[in-house]
**Q** 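One structure, as C-alpha cells, below. Some questions next.
First the proteins, then the strands, lettered A, B, ... as listed; each starts at 1.
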Number of protein chains: 2
Amino acid sequence: MTISEENYIKVIYHLSLVSPKGVNTNAIAGMLDTKASSVTDMMKKLSDKDLVSYQKYQGVTLTDKGLHSAKMIVRKHRLWEVFLVDKLGFSWDEVHEIAEELEHIKSEQLINKLDAFLGFPVADPHGDPIPDAKGVIKKIEKQLLSEVEINASFHCVGVKDSSTDFLKYLDKQKIALGSIVKVIDKEDFDDTLTVEIDGKRLTISNKIANNLYVQ
Amino acid sequence: MTISEENYIKVIYHLSLVSPKGVNTNAIAGMLDTKASSVTDMMKKLSDKDLVSYQKYQGVTLTDKGLHSAKMIVRKHRLWEVFLVDKLGFSWDEVHEIAEELEHIKSEQLINKLDAFLGFPVADPHGDPIPDAKGVIKKIEKQLLSEVEINASFHCVGVKDSSTDFLKYLDKQKIALGSIVKVIDKEDFDDTLTVEIDGKRLTISNKIANNLYVQ
DNA sequence: ATTTATTTTTAGACAAAACTAAAAATAAAA
DNA sequence: TTTTATTTTTAGTTTTGTCTAAAAATAAAT
C-alpha cells in the first residue's frame with residue numbers, strides 16, 4: 001500500500017463514521033484537497049485491490065480488508081500522538097501533522113512495541129480511542145458538555161474539534177483532559193454555560209461546550 | 001526534498017567518505033539498486049537544486065547545502081536507531097530497515113526533542129557517530145581489533161560491517177558494545193586471534209577482528 | 001415531467017522517478 | 001596510438017498520482 005492509498009483509506013474510514021451507507025467522491029476530494037476525478041481514479045485502484053467496494057455514482061464503502069487497514073493506520077496515528085505528547089513533550093495542538101507522516105511507517109512490530117512502551121493507552125491526546133493490535137476499538141463513554149445536566153460534575157475526556165485554534169483556547173483556559181468540570185448554570189437565550197473547571201469559575205459559549213466531551 | 005532525493009543525497013554522502021574527490025554514477029546506482037541512467041537524471045535535478053556539484057562524466061560531490069542535508073538525514077537515522085534499541089527493545093540487527101523509513105520524517109523539532117529524550121547520544125547502536133543539531137560529528141577514537149597490539153585490553157565501541165549476519169554472530173558470542181576485549185595471542189599464519197571477551201576465552205577469525213572496532 | 005443544477009466519470013495530458021536500448025565519452029589494453 | 005572495454009549519458013517509454021475539460025449520470029427544481 002502506498003502512502004497515497006493509505007491516505008484515501010483513512011479518509012474513507014473517517015467519513016464512513018458519519019455516512020456509513022457510502023461515502024461520496026466530492027467529500028473524499030474535499031478532505032484530501034484533491035479533485036473528484038483523482039478520487040474516481042483511486043477508487044478503481046482500491047477496488048481492484050479489494051480495499052473498497054465501489055460502483056459508479058453510488059459512493060464507496062470499505063471492505064473488511066479496507067476497514068482493517070484503516071484501523072491500523074488510525075492506530076499508528078494515535079499511538080504516535082501519544083508518544084509525541086507523553087514522551088517528547090509536544091503539546092496536543094502540535095502533534096497531528098507529525099503523526100500524519102509517522103502513521104505511514106510500515107513495521108507492525110514497531111507499532112506493537114511502541115504500544116507496549118506507551119503502556120497500551122486507550123486514547124490519544126485528544127481523547128480519541130486507539131484501536132488495539134486486532135483492530136478492536138474500546139468505546140469511550142462520553143457526552144458533549146453542551147448536552148449535560150446542570151449541577152453535576154464530570155471530567156473532561158476528549159475534544160470533538162481538534163483544530164489548533166480550539167486546542168489553544170483550551171490551553172489558555174487551563175482546560176485539559178482530566179480536568180473536573182461542573183456546570184453551574186445555563187443561559188436560556190444562547191446556551192452559554194457558567195462552569196467551574198478545576199475549581200475556577202468560567203463562562204463558556206455553546207460552540208465551546210459543543211466541542212468538549214465529558215464523562 | 002522528496003524521499004528519493006534524500007536517499008540519493010545520503011548515499012552520495014556515504015560514498016564521499018571513501019572517495020572524496022567525486023562519487024561515480026555506477027557506485028550510486030549500485031547502492032540504491034537502480035540503473036546508472038536513473039542516477040544521471042537525478043544528478044541533474046540535485047544539481048539544479050544546488051545539493052550536488054555535478055559535471056558530466058566527472059562524478060559528483062555534495063555542496064555545502066547537500067552535505068548539511070546529508071548529515072541531518074544521518075542524524076535522524078541514527079537517533080531513531082537509538083530509540084528503537086534503547087526504548088523499544090529492538091536488537092541491533094533489526095533497526096536499520098525501520099530507521100530507513102523514519103529518517104524521512106520531516107519535523108526538525110521532532111528530531112531535536114527525540115535527541116533530548118534519548119539523552120543526546122553520541123553514537124548509534126552500531127557505534128557510528130550521531131551528528132548534532134548543527135551537523136557537527138564528534139569523532140570517536142577507535143581501532144580495528146585486527147590492528148591492535150597483543151596483551152592489551154580494550155572495549156568494544158563499534159562495528160564496521162553492520163550486516164545482520166555479523167551482528168547475529170556477535171550476539172551468539174555475547175559480544176556487545178561495551179564488552180571488554182583482551183587480545184591474548186595472534187596466529188601468524190592466518191591472523192586468527194585468541195581473545196578474552198568479558199572474561200571468556202574465544203578464537204576469532206581475522207575477518208571478524210577486521211570488522212570490530214575497539215578503543 | 002421536463003428542465004436545470006450538481007455530482008461523478010471519462011478522456012487526454014503532465015510531472016516524478018524509474019526503466020531499456022542506443023550513443024557518446026572516458027579509461028584500459030594491445 | 002589505435003583498438004577494445006567500460007562507464008556514463010541521451011532518447012524514448014512506463015507507472016503512479018495528479019490535473020483540466022468535456023461528457024454522462026444523478027438529484028433538485030420548476
**Q** Toward the 5' end of DNA chain D, which comes first, B:Thr40 or A:Ala36, by nearest nucleotide?
**A**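 Of the two residues, B:Thr40 wins.
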**Q** Using only side-chain N and O atoms of A:Asn26, determine if any of them is under 4.0 Å from OP1 or OP2 of C:dT6.
**A**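 For C:dT6, OP1/OP2 do not have a side-chain N/O of A:Asn26 under 4.0 Å.
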**Q** Going by heavy atoms in the side chains, are A:Glu103 and A:Arg75 under 4.5 Å from each other?
**A**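 No, every pair of side-chain atoms sits at 4.5 Å or beyond.
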**Q** I'd like to check A:Val74 versus A:His14 (side-chain heavy atoms, cut-off strictly below 4.5 Å). Are they in contact?
**A**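 When only atoms from C-beta onward are counted, A:His14 and A:Val74 do touch, with a gap below 4.5 Å.
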**Q** With a cut-off of less than 4.0 Å, is there a side-chain N or O of A:Ser4 near OP1 or OP2 of D:dT18?
**A**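 Checking A:Ser4 against D:dT18: at least one side-chain N or O falls below 4.0 Å of OP1 or OP2.
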**Q** Measure CG/A:Leu32 against C1'/D:dC19 and give the value in whole Å, please.
**A**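 Computing the A:Leu32:CG to D:dC19:C1' distance gives 15 Å.
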**Q** Considering just the side-chain nitrogens and oxygens of A:Ser38, establish if one lies under 4.0 Å of OP1 or OP2 belonging to D:dT18.
**A**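 No, outside the criterion.
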**Q** Using atom OH of A:Tyr57 as one end and atom P of D:dA23 as the other, report the distance to the nearest whole Å.
**A**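 For the pair A:Tyr57 OH and D:dA23 P, the rounded distance is 13 Å.
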**Q** Rounded off to whole Å, could you give me the CG-to-P distance for the A:Asp41 and C:dT10 pair?
**A**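 Computing the A:Asp41:CG to C:dT10:P distance gives 9 Å.
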**Q** Should we say atom CD of A:Glu97 is surrounded by more than 12 heavy atoms from elsewhere, each under 6.0 Å from it?
**A**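 For A:Glu97, atom CD is not crowded (no more than 12 foreign heavy atoms under 6.0 Å).
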**Q** From CG of A:Asp33 over to P of D:dC19, roughly how many Å is that when rounded to an integer?
**A**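 It is 8 Å, rounded to the nearest whole Å.
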**Q** A:Met43 has an atom CE; how far is it from atom P of C:dT9, in whole Å?
**A**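 Rounded to whole Å, this separation is 9 Å.
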**Q** Are A:Lys44 and A:Tyr54 in a cation-pi setup, meaning NZ or CZ lies under 6.0 angstrom from the ring centre and within 45 degrees of the ring axis?
**A**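 No, A:Lys44 does not lie over the aromatic ring of A:Tyr54.
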**Q** Any cation-pi pair here, A:Lys113 with B:Phe90, using under 6.0 Å and within 45°?
**A**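 Verdict for B:Phe90: a cation-pi partner in A:Lys113.
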**Q** Does B:Thr34 have a side-chain nitrogen or oxygen under 4.0 Å from the phosphate oxygens OP1 or OP2 of C:dC19?
**A**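 Affirmative; the distance criterion is met.
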**Q** Starting from C1' on C:dT7, measure out to CG on A:Asn24 and report it in whole angstrom.
**A**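 Nearest whole value for this atom pair: 9 Å.
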**Q** Does A:Tyr213 have A:Lys142 sitting over its ring (NZ/CZ under 6.0 Å from centre, angle to axis within 45°)?
**A**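 A:Lys142 over A:Tyr213 ring: yes.
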**Q** OP1 or OP2 of C:dA25 less than 4.0 angstrom from a side-chain nitrogen or oxygen of B:Lys56, does that happen here?
**A**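 For C:dA25, OP1/OP2 do not have a side-chain N/O of B:Lys56 under 4.0 Å.
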**Q** Within the 4.5 Å heavy-atom criterion, are A:Asn211 and A:Tyr169 side-chain neighbours or not?
**A**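 No; the side chains remain at least 4.5 Å from each other.
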**Q** To the nearest Å, give me how far apart NZ (B:Lys35) and P (C:dC19) are.
**A**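 Spelled out: NZ on B:Lys35 to P on C:dC19 is 6 Å.
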**Q** Look at the side-chain N and O atoms of A:Thr25 and state whether any lies under 4.0 Å from the OP1 or OP2 oxygen of C:dT9.
**A**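 Yes.
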**Q** Do the side chain of B:Ser37 and the base of C:dT20 come within less than 3.5 angstrom through a donor-acceptor pair of N or O atoms?
**A**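 By the distance-only test, yes, there is a pair.
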**Q** From CD of A:Gln55 over to P of C:dT9, roughly how many Å is that when rounded to an integer?
**A**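 Computing the A:Gln55:CD to C:dT9:P distance gives 11 Å.
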**Q** Does A:Lys44 put a side-chain nitrogen or oxygen below 4.0 Å from OP1 or OP2 of C:dT10?
**A**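 A:Lys44 to C:dT10 OP1/OP2: side-chain N or O found under 4.0 Å.
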**Q** Identify, residue by residue, the members of residues 5-14 of chain A with a heavy atom below 4.0 Å from DNA chain D, and return them in order of residue number, or none.
**A**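 Per residue number, the list reads A:Tyr8.
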